[in-house]
Amino acid sequence: MALIVQKYGGSSVANTERILHVARRVAARAREGSQIVVTVSAMGDTTDDLIALAQQVTERPSDREMDLLLSTGEIVSCTLLAMALRDLGVPARSFTGWQAGILTNDTHGRARVLSIDPARLRASLDRGEVAVVAGFQGITTETDVTTLGRGGSDTTAVALAAALGAGCCDIYTDVEGVYTCDPRLEPQARKLREISYEEMLEMASQGARVMHPRAVELGAIHGIPILVASSMKDAPGTLIHGDCGMEPVNKVRGISHDTDIAKVTVLGVPDRPGAAAELFACLGGSNLAADTIVQNASAHGPATDLTFTVGVADLRRALEAITPVAVEMGASGVITDDRLGKLSIVGTGVLNTPGYAPRMFKALADAGINIELITTSEIRITCIIDQGRIPDAVRVLHATFELERAESTPG
Ligand code: ADP
Ligand code: ASP
Ligand code: MG
């Protein structure tokens with residue numbers, strides 16, 4: 001019997017009407033005779049609301065308490081969906097991450113799935129039930145509840161598909177698939193029929209919210225094709241998989257953006273071996289990873305400035321971690337800017353093919369957009385710019401690289 005793993009995101013279960021709509025969709029598939037595991041996100045903005053609630057009682061909520069609090073959002077939506085299914089005459093049972101056997105490490109707020117013991121889910125499927133699993137959460141070996149990072153229900157779905165040996169994982173959301181850029185910023189954005197794991201991972205890591213990066217990584221590791229499609233419309237979605245033609249397409253596939261970037265500059269860092277290692281070790285010790293890092297060798301004098309970026313939500317913790325170390329090593333100060341955004345062009349061959357970088361920089365210059373920092377990977381060029389200019393910049397680059405035009409299929 002075919003096993004289907006589906007995931008419905010927050011806007012797809014935003015209210016009880018939508019939960020009933022999802023229940024009807026799932027019921028229709030169940031009646032076709034498939035075994036179904038469904039994972040859901042919290043309803044609408046529930047996770048944001050829970051974070052705001054915590055902030056009303058303390059400025060520094062404990063990571064452990066925060067995870068237990070946030071996990072409740074997904075528990076609400078999965079129980080309601082199971083009830084709705086039962087009401088339609090479809091046997092269904094809800095499971096928290098813990099009950100579904102999802103074991104994670106203890107990095108609260110961004111835990112990684114270590115393993116899944118699918119025994120309870122299999123027993124549920126064998127009884128003819130739809131298994132409805134709360135997304136975004138797991139449990140440590142010490143039985144503390146963890147969450148997988150914002151957007152992490154996608155990862156729950158792909159991890160479950162891997163653990164249960166499903167052939168594919170369906171991610172249902174509020175857009176019809178993966179587009180050349182966020183379709184909410186650029187109406188000309190074009191839906192991609194398919195995209196490789198590698199390109200999707202890069203787009204997701206650089207802010208394309210439509211997929212959680214870790215979900216794409218797990219799909220690639222376990223060879224699970226991921227279909228991204230609409231929860232509302234019956235329209236063909238985007239298949240993320242590993243077999244997108246033999247030759248690199250050598251073209252910009254998409255543009256990602258993120259409007260919540262903060263920059264930290266440590267001024268006058270002593271120009272000696274080990275200074276950067278000390279600064280970044282203390283960030284790592286606080287479970288934070290810097291994104292873009294820029295340090296120029298000092299042309300004169302024994303000190304240099306070191307700049308890195310983090311998500312705005314991590315800025316306070318980054319400063320708390322880094323400031324004492326900077327003072328201790330004799331740096332002259334730490335300054336920040338939390339009104340930045342990042343913008344990336346992604347596509348196989350982009351970095352190694354001459355012309356893409358200058359075209360990107362010139363298009364931004366022509367639009368009067370100043371570039372603060374630049375970073376690259378094999379298949380990506382990223383610019384850090386003023387947050388307020390991100391929408392313009394996305395549209396300008398979409399036009400510059402003619403992403404609205406249909407691609408010819410590689411031969
Ligand atoms: P869900 O709640 O279903 O997980 P998300 O809000 O996490 O949905 O992700 C879907 C959103 O991702 C879309 O509404 C869209 O605005 C945004 N998005 C950003 N980049 C892209 C892209 N390249 N293609 C499609 N959607 C994108
Ligand atoms: N509810 C969580 C969030 O808002 C996880 C998810 O939606 O995937 O980030
Ligand atoms: Mg999401």
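When a residue number appears, it is its place in the shown sequence, counting from 1. Whatever order the structure lists ligands and atoms in, that order sets their numbers, starting from 1.
Looking only at heavy atoms of the protein, atom 6 (O) of ligand 1 is closest to Arg209 NH2, 3.1 Å. Protein heavy atom closest to atom 13 (C) of ligand 1, with residue, atom name and distance, is Asp174 OD1, 3.5 Å. Protein heavy atom nearest atom 27 (C) of ligand 1, with residue, atom name and distance: Val210 CB, 3.7 Å. Considering only non-hydrogen protein atoms, atom 2 (O) of ligand 1 sits nearest to Gly10 N, 3.0 Å. Ranking the protein heavy atoms by distance from atom 15 (C) of ligand 1 puts Asp182 OD1, 3.3 Å first. Atom 7 (O) of ligand 2 has its closest protein heavy atom at Ser41 OG, 3.1 Å. The protein non-hydrogen atom at the shortest distance from atom 25 (C) of ligand 1 is Gly177 O, 3.3 Å.
Around CZ of Arg405, the count of heavy atoms belonging to other residues, nucleotides or ligands within 6.0 Å does not exceed 12. In the displayed structure, Arg86 atom CZ is contacted under 6.0 Å by at most 12 heavy atoms of other residues, nucleotides or ligands. By the 6.0 Å contact criterion, CG on Asp366 is enclosed, its count of non-hydrogen atoms from other residues, nucleotides or ligands being greater than 12.
At least one N/O-N/O distance between Thr47 and ligand 2 falls below 3.5 Å. Between Gly151 and ligand 2, at least one N/O pair is under 3.5 Å apart. Every N/O-N/O distance between Ser12 and ligand 1 stays at or above 3.5 Å. Between Ser41 and ligand 1, not a single N/O pair is under 3.5 Å apart. Looking at ligand 1, you'll find an N or O of Tyr179 within less than 3.5 Å of one of its N or O atoms.
Here Ser231 has no heavy atoms under 4.0 Å from ligand 1, in either its backbone or its side chain. Contacts between Arg184 and ligand 1, counted as non-hydrogen atom pairs separated by less than 4.0 Å, involve the side chain only. Of the heavy atoms in Lys7, only side-chain atoms (C-beta onward) come closer than 4.0 Å to ligand 1. Heavy atoms from both the backbone and the side chain of Thr173 come within less than 4.0 Å of ligand 1.
Using a 4.0 angstrom heavy-atom cutoff, Pro183 counts as in contact with ligand 1. The shell of residues lying under 4.0 angstrom from ligand 2, judged by heavy atoms, includes Gly152. Taking a 4.0 Å cut-off on heavy atoms, His212 fails to register as neighbouring ligand 2. Heavy-atom distances between Met203 and ligand 1 reach below 4.0 Å in at least one pair.
In this structure, Arg25 is positioned above the aromatic face of Tyr172, its NZ or CZ under 6.0 Å from the six-membered ring centre and within 45° of the axis.
A salt bridge links Asp174 to Arg184: at least one charged side-chain nitrogen sits closer than 4.0 Å to a carboxylate oxygen. Contact check on Arg395 versus Asp392 returns a salt bridge, with a Lys/Arg side-chain nitrogen under 4.0 Å from an Asp/Glu carboxylate oxygen. Salt-bridge check for Asp126 with Arg122: failed, with every basic side-chain N at 4.0 Å or more from each acidic carboxylate O.
A 4.5 Å side-chain heavy-atom check between Leu185 and His398 finds every atom pair outside the cut-off. Lys342 places a side-chain heavy atom less than 4.5 Å from the side chain of Asp291. Side-chain contact between Tyr197 and Ile240 is present, with at least one heavy-atom pair separated by less than 4.5 Å.
Under the 3.5 Å distance criterion, the side-chain polar atoms of Ser256 are left unmatched by any main-chain donor or acceptor of Gly207.
Those atoms of ligand 1 that come under 4.0 Å of a heavy atom in Ala208, given as number and element, are 20 (N). Below 4.0 Å from some heavy atom of Val178 lie the following atoms of ligand 1, by number and element: 24 (N).
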Q.
Determine whether Thr46 and Val76 satisfy the following criterion, side chain to side chain contact (heavy atoms under 4.5 Å, CB included), listing intermediate values before the conclusion.
A. CA-CA 10 Å; Thr46 300; Val76 170; over 6 Å; no
Q: For Ile102 and Gln137, run side chain to side chain contact (heavy atoms under 4.5 Å, CB included): C-alpha distance rounded to whole Å, both residues' side-chain angles, the deciding distance at 0.1 Å, then the answer.
A: CA-CA 8 Å; Ile102 301 174; Gln137 56 186 267; over 6 Å; no
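Nearest-heavy-atom check against atom 4 (O) of ligand 2 across Arg150, Lys7, Gln137, Met43 picks out Arg150.
Among Glu202, Met360, Gln206, the one residue that satisfies the side-chain contact (heavy atoms from CB on, under 4.5 Å) test with Ile345 is Met360.
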